[in-house]
Amino acid sequence: MRRRLKWGAATACGAIALALVPGPASAGNSYDLVIAGGRVIDPASGRDEIADIGINGGSIAAISASRLEGKRRIDVKGLVVAPGFIDLHAHGQDPVAERFQLLDGVTTAIDMEIGTAPVAALYRRMEGKALINFGASASHICARLEVMSDKRCGPDVEGRLTADPAMLVKGATPEQEAQITAILDREVASGALGYGIGLEYVPGAGRREIFRVFEAAAKTKAPVFVHVRSRPPDQGSGVPIAVAQEVLADAAATGASLQIVHVASTGLRDTPAILELIKGARAHGVDVTTEAYPYTAGSTAIGSNFFADGWQERNGATYGDVQWPATGERLTKESFDRFRKEQPDAAVVIHIIPQEVVDRAITDPIVSIASDGMPWITAGEHPRGAGTFSRVLGQYVRERQLLDLPAALAKMTIMPARRLEAVSPQMARKGRLQAGADADITVFDPATIRDRATFDQPMQASTGIAYVLVGGQVMARAGKVTAHRFPGQAIRSDLPH
Ligand SMILES: [Zn+2]
């Protein structure tokens with residue numbers, strides 16, 4: 001209730017009535033806004049029909065195949081009306097990143113992989129200033145800094161992977177493990193949406209330390225999101241799925257919920273085997289999910305432990321596969337060493353994921369879509385932060401016909417919403433087009449939607465998206481963002497005590 005009232009107070013347009021209880025409109029059957037005549041696709045219910053959507057305040061009040069009347073009416077005939085896209089892997093919790101995501105149809109963007117701590121600082125920084133809904137997990141790296149270093153995570157996300165290189169390779173004592181877990185629990189209790197572990201970046205984190213985090217997660221019921229460890233060098237090019245087996249074992253042994261992030265970029269050619277492993281675990285009752293982005297390159301900080309000695313062998317890569325976004329150049333040993341030393345926080349693009357691996361992940365029914373978008377610092381970061389969702393709809397659905405539209409939309413809406421519902425009841429009103437759901441809505445032309453961000457020119461917004469509504473407000477229209485409105489809400493955990 002408090003949340004809705006706050007939203008009403010922040011509404012710029014006084015004519016928009018506040019609907020505290022979603023339901024049929026009152027006298028005259030007139031809604032605040034009607035999105036009229038589009039092809040309404042709600043993967044959660046299977047609805048796929050031409051219909052009108054009546055919106056009151058921030059909520060969907062009615063959906064009907066017959067005409068609904070509204071104070072405002074937007075004709076979307078010939079367009080698809082979908083739930084706003086939900087991105088659970090969005091590192092750019094800032095105005096620039098939000099803008100590109102909004103224009104890609106995203107209405108909720110959360111950093112579940114690395115997260116932050118204290119999350120209260122992030123929520124304070126974004127509250128009242130956000131175009132789209134936002135949030136983060138409790139960061140294992142930040143908790144480790146608090147326990148094992150004099151460095152701290154700030155309210156921004158940069159530098160988390162490189163703040164204290166010595167800490168990242170140091171093992172924790174049992175006492176320190178308990179302290180790390182206690183900090184993560186404190187963060188989850190204060191709004192963080194789960195436990196975010198970037199294991200590849202923290203080679204010092206032992207298997208027992210991670211198991212303790214899963215034990216904690218099983219108690220709070222908040223999910224664990226993991227970027228799995230570096231591939232063990234002794235497994236060579238066989239089937240190094242051991243890194244996924246570690247976290248699956250922890251989930252199975254504790255009952256914690258797990259999402260293995262960006263399965264294609266860490267699985268590489270073993271992605272099919274890792275997907276089999278995940279499906280097998282699911283069939284035996286383990287709550288595990290996974291995600292991918294639709295690009296053949298990854299991206300991370302050049303100073304991070306992804307590039308610890310042996311990275312070429314682990315990933316089957318060379319210096320020439322690494323691109324320096326500021327200039328577009330491919331690196332050599334000399335330029336790589338120089339950048340790694342001088343600008344450790346700068347993100348590079350790593351062209352190492354075979355196209356067939358990306359296709360396998362994106363089209364698998366258990367894999368949801370998540371961008372792994374980075375903050376835009378050099379203006380040359382990976383295009384995934386601007387084009388992920390339109391790229392799936394343009395390429396995989398329309399051009400290559402590898403996915404049907406409702407299946408693709410499920411991966412961007414109800415699948416990520418369900419992943420967080422147990423920890424945040426707010427998510428039970430998102431990812432759906434149903435009466436009572438939040439009016440987070442993306443309207444696009446299936447014949448023209450496409451990504452425009454490329455590796456050479458990443459800061460280009462997607463096209464073919466007609467309208468994006470966040471909390472009932474039209475926040476984007478034909479590629480233009482509405483000025484001076486900030487309907488984005490903090491998505492917080494709300495756990496039973
Ligand atoms: Zn990652």
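We number each residue from 1, following the sequence as shown. Each ligand, and each atom within it, is numbered from 1 in the order the structure gives.
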Exercise for review: Evaluate the ring planes of Tyr295 and Tyr293, with Trp represented by its six-membered ring, and classify them as parallel (under 30°), tilted (30 to 60°) or perpendicular (over 60°).
Suggested key: tilted
Point to revise | Protein N, O or S within less than 2.8 Å of the Zn ion (ligand 1), waters excluded | key: Glu113 OE2, His227 ND1, His262 NE2
Practice item. Kindly indicate whether a cation-pi arrangement holds for Arg400 with Tyr396, taking the cut-offs as under 6.0 Å to the six-membered ring centre and within 45° of the axis. Key: yes
For residues 275-287, please give each side-chain donor-acceptor pair under 3.5 Å, one per line with the distance, not counting sequence neighbours.
unit_1	atom_1	unit_2	atom_2	d
Lys279	NZ	Asp364	OD1	3.2
Lys279	NZ	Asp364	OD2	2.7
Arg282	NH1	Val288	O	2.9
Asp287	OD1	Arg419	NH2	2.9
Asp287	OD2	Ser257	OG	2.6
Asp287	OD2	Arg419	NH2	2.6

Check your understanding: Do side-chain atoms of Asp94 reach the backbone of Val96 as a donor and acceptor pair under 3.5 angstrom?
Key -> yes
Check your understanding: What pairs with Tyr201 under side chain to side chain donor-acceptor pair (under 3.5 Å), at least two apart in sequence or on another chain?
Key -> Thr300
Exercise for review: Using side chain to side chain donor-acceptor pair (under 3.5 Å) as the criterion, list what pairs up with Ser139, not counting sequence neighbours.
Suggested key: none
